[in-house]
Number of protein chains: 2
Amino acid sequence: MISFTEENYLKAIYHLIEQEGEAVTTNAIAEKINTKAASVTDMLKKLSDKKLINYQKYQGVTLTPKGEKTALNIIRKQRLWEMFLVEKLDFKWDEVHDAAEQLEHIKSDKLIEQLDKFLNYPKVDPHGDPIPDAKGRLQIQKSHLLSKFKKNDVCIMTGVVDHSPAFLQYLDKSGITLGNEIKIKEIIEFDRSLQIITGRQKTIFISNDVAKNILVIAK
Amino acid sequence: MISFTEENYLKAIYHLIEQEGEAVTTNAIAEKINTKAASVTDMLKKLSDKKLINYQKYQGVTLTPKGEKTALNIIRKQRLWEMFLVEKLDFKWDEVHDAAEQLEHIKSDKLIEQLDKFLNYPKVDPHGDPIPDAKGRLQIQKSHLLSKFKKNDVCIMTGVVDHSPAFLQYLDKSGITLGNEIKIKEIIEFDRSLQIITGRQKTIFISNDVAKNILVIAK
DNA sequence: ATATTATTTTAGACTAGTCTAAAAGTTATT
DNA sequence: AATAACTTTTAGACTAGTCTAAAATAATAT
């Protein structure tokens with residue numbers, strides 16, 4: 001039986017690998033999980049004993065197939081619960097984090113399969129992140145950063161990089177929503193900030209920092 | 001902050017007081033929670049320090065107002081989640097226990113208030129047990145044991161004493177459901193077993209043991 | 001009223017997870 | 001190649017919750 005804490009470590013490792021693309025360091029995990037490096041080392045030994053990660057002293061970690069499957073299952077649960085909170089309980093997309101963090105650890109296969117059905121088998125969560133299926137398979141959607149696009153390009157918003165409530169609230173206020181069309185009206189050379197037209201035909205200005213945290217697909 | 005384990009102790013103590021009507025013994029708690037008396041003693045000290053129970057060595061425990069409020073809040077969450085599982089996710093009434101046991105410890109006021117609303121403010125859970133309101137108030141329904149009734153009495157089923165899956169499945173099979181009308185056709189003197197007519201006009205035989213675990217109100 | 005039995009508490013030990021401080025290993029700099 | 005700087009691991013300690021075995025208290029029976 002895998003513990004609450006072990007699950008959190010696996011999820012953190014999964015996300016770090018996803019971001020960095022290679023073996024994850026002890027320090028990176030410590031920072032992500034808000035704990036100390038020494039604690040991480042202890043846990044890495046345990047996860048290694050359970051064959052959930054590949055770990056050798058000082059060499060960083062990767063997930064074994066078993067570890068990755070476990071991580072994806074937790075992410076599946078997290079994203080389905082987020083969907084439930086937003087769709088059925090009227091949470092905003094910036095409010096779901098804390099409750100979903102707890103709900104993702106509930107152990108009941110029947111519960112999660114029925115929840116999936118109840119939500120009508122959603123493919124992405126309220127932030128546009130893909131929901132792994134029951135076998136841990138991810139539908140890869142190859143989104144790009146809005147900051148990579150050029151003047152007059154038109155695209156559809158599909159997700160965010162930064163998931164913080166502050167950023168999500170800013171997007172809400174600016175009328176930038178999942179599924180919305182975004183047209184690039186102008187790019188200011190000096191600071192790479194953008195002038196864009198949102199779905200409801202309003203022109204707004206966003207900084208390059210913001211554009212680097214918005215995921216889109218070309219239209 | 002109150003821990004998962006402390007919550008389980010409070011809930012157990014609440015139910016024991018409810019059943020026995022007086023101060024609860026260490027052994028009773030140990031049995032209920034499936035642990036050893038020594039562990040219970042340790043926890044009682046902690047709960048007492050936190051002013052959740054009234055406890056003096058060798059004298060058993062009762063709940064303080066604060067402790068009772070906390071217990072009722074956990075029970076509220078448990079029963080709302082059970083309702084959700086049965087009403088929205090198609091669980092049977094004998095399948096909800098394990099998942100609800102975990103869900104009841106999720107900490108999020110908004111979540112539970114929205115869930116209550118989503119379920120349309122139910123007054124009782126799928127077993128007929130009353131759901132405390134947000135302030136911990138219980139709507140007392142004074143049900144009686146079916147075994148206390150007489151020949152030709154007619155009543156409505158409102159709940160069960162034994163919540164075990166085996167018993168609940170037996171009731172399902174016998175067509176005895178919450179809200180159903182039950183008419184007592186005959187009482188066998190010898191063993192106090194009953195012949196009853198259920199909602200769908202079928203006559204069935206039940207033992208006195210069974211009748212002692214069915215709650216009803218007179219019609 | 002005392003002895004027996006049952007219950008409850010204490011004492012001390014164990015596990016999971018965490019921490020600090022020190023030691024060991026790795027990487028970067030000169 | 002040697003030293004400095006940084007990262008990671010070990011060692012030892014702490015907390016929450018659990019346990020067994022023994023001691024203390026209460027209840028029961030003679």
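Values reported hereafter were calculated over all heavy atoms of this structure, with side chains retained and with hydrogens, waters and symmetry mates removed. Values in this document were obtained by computation on a predicted structure and should not be read as measured data. Sequence lines set the chain letters: A, B, ... in the order given, protein chains first and strands last, and positions in each chain run from 1.
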Practice task
Establish, from distance only, whether the side-chain atoms of B:Thr62 and B:Asn54 form a donor-acceptor pair under 3.5 Å.
Solution key: yes
Problem - Interatomic distance, B:Ile29 atom CD1 to B:Thr35 atom OG1 [nearest 0.5 angstrom] - result: 11.0 Å
Exercise for the section: Considering just the side-chain nitrogens and oxygens of A:Lys57, establish if one lies under 4.0 Å of OP1 or OP2 belonging to D:dT10. Expected result: yes
Problem - Nearest-0.5 Å distance that lies between atom NZ in A:Lys88 and atom CG in A:Asp90 - result: 10.5 Å
Practice task
With DNA chain C as reference, determine whether A:Ile33 or B:Gln56 sits nearer its 5' end, using the nearest nucleotide of each.
Solution key: B:Gln56
Exercise for the section: Report yes or no: do A:Thr25 and A:Asn27 form a side-chain donor-acceptor pair below 3.5 Å? Expected result: no
Exercise for the section: Rounded to the nearest angstrom, tell me the gap between atom NZ in B:Lys45 and atom C1' in C:dT10. Expected result: 7 Å
Exercise for the section: Using the ring of A:Tyr55 (Phe, Tyr or Trp, six-membered ring only), decide whether A:Lys45 places NZ or CZ under 6.0 Å from its centre and within 45 degrees of its axis. Expected result: no
Fill in the blank from the handout: So ring-ring contact (aromatic ring centres under 6.0 Å, His included) across residues 93-136 of chain B, not counting sequence neighbours, yields B:Phe4-B:His105, B:His127-B:His163
Exercise for the section: Establish, with yes or no, whether the OP1 or OP2 oxygen of C:dA16 is under 4.0 angstrom from a side-chain nitrogen or oxygen of A:Tyr9. Expected result: no
Problem - salt bridge (charged side-chain N to carboxylate O under 4.0 Å, His left out) pairs, two or more places apart, involving residues 15-41 of chain A - result: none
Handout entry: Contact list for DNA chain D against residues 13-31 of chain A - heavy-atom distance below 4.0 Å
Key = A:Thr25, A:Thr26, A:Asn27
Practice task
Round to the nearest Å and state the distance from A:Gln59 atom CD to C:dT26 atom C1'.
Solution key: 9 Å
Problem - Nearest-angstrom distance from the residue atom CE of B:Met1 to C1' of D:dA16 - result: 16 Å
Exercise for the section: Look at A:Glu6 together with A:Lys11 and state whether they make a salt bridge at an N to O cut-off of under 4.0 Å. Expected result: no
Practice task
Could you state the atom-to-atom distance from CG of A:Asp49 to P of C:dT15 in whole Å?
Solution key: 14 Å
For nucleotides 19-25 of chain C, which of its nitrogen or oxygen atoms have a protein nitrogen or oxygen under 3.5 Å away, and what is each distance?
{"from": "C:dC19", "atom 1": "OP2", "to": "A:Thr35", "atom 2": "OG1", "distance (Å)": "2.5"}
{"from": "C:dC19", "atom 1": "OP2", "to": "A:Lys36", "atom 2": "N", "distance (Å)": "3.1"}
{"from": "C:dC19", "atom 1": "OP2", "to": "A:Ser39", "atom 2": "OG", "distance (Å)": "2.7"}
{"from": "C:dT20", "atom 1": "OP2", "to": "A:Lys36", "atom 2": "NZ", "distance (Å)": "3.2"}
{"from": "C:dG25", "atom 1": "O4'", "to": "A:Tyr58", "atom 2": "OH", "distance (Å)": "3.3"}

Exercise for the section: Sort and list the pairs that fulfil salt bridge (charged side-chain N to carboxylate O under 4.0 Å, His left out) and have at least one residue in residues 69-86 of chain B, not counting sequence neighbours. Expected result: B:Arg76-B:Glu113, B:Arg76-B:Asp116, B:Arg79-B:Asp125
Problem - Stretch residues 98-107 of chain A: residues that reach within less than 4.0 Å of DNA chain D through a heavy atom - result: none
Problem - Any side-chain donor near an acceptor of the partner, A:Ser193 and A:Ser207, under 3.5 Å - result: no
Exercise for the section: Identify whether any heavy atom of B:Phe4 sits under 4.0 Å from a base atom; if not, whether one sits that close to sugar-phosphate; answer base, sugar-phosphate or nothing. Expected result: nothing
Practice task
Anything under 30° is parallel, anything over 60° is perpendicular, the rest tilted; go ahead and classify A:Phe84 against A:Trp81.
Solution key: perpendicular
Handout entry: Whole angstrom value for the distance that separates P of C:dT18 from CG of A:Leu44
Key = 11 Å
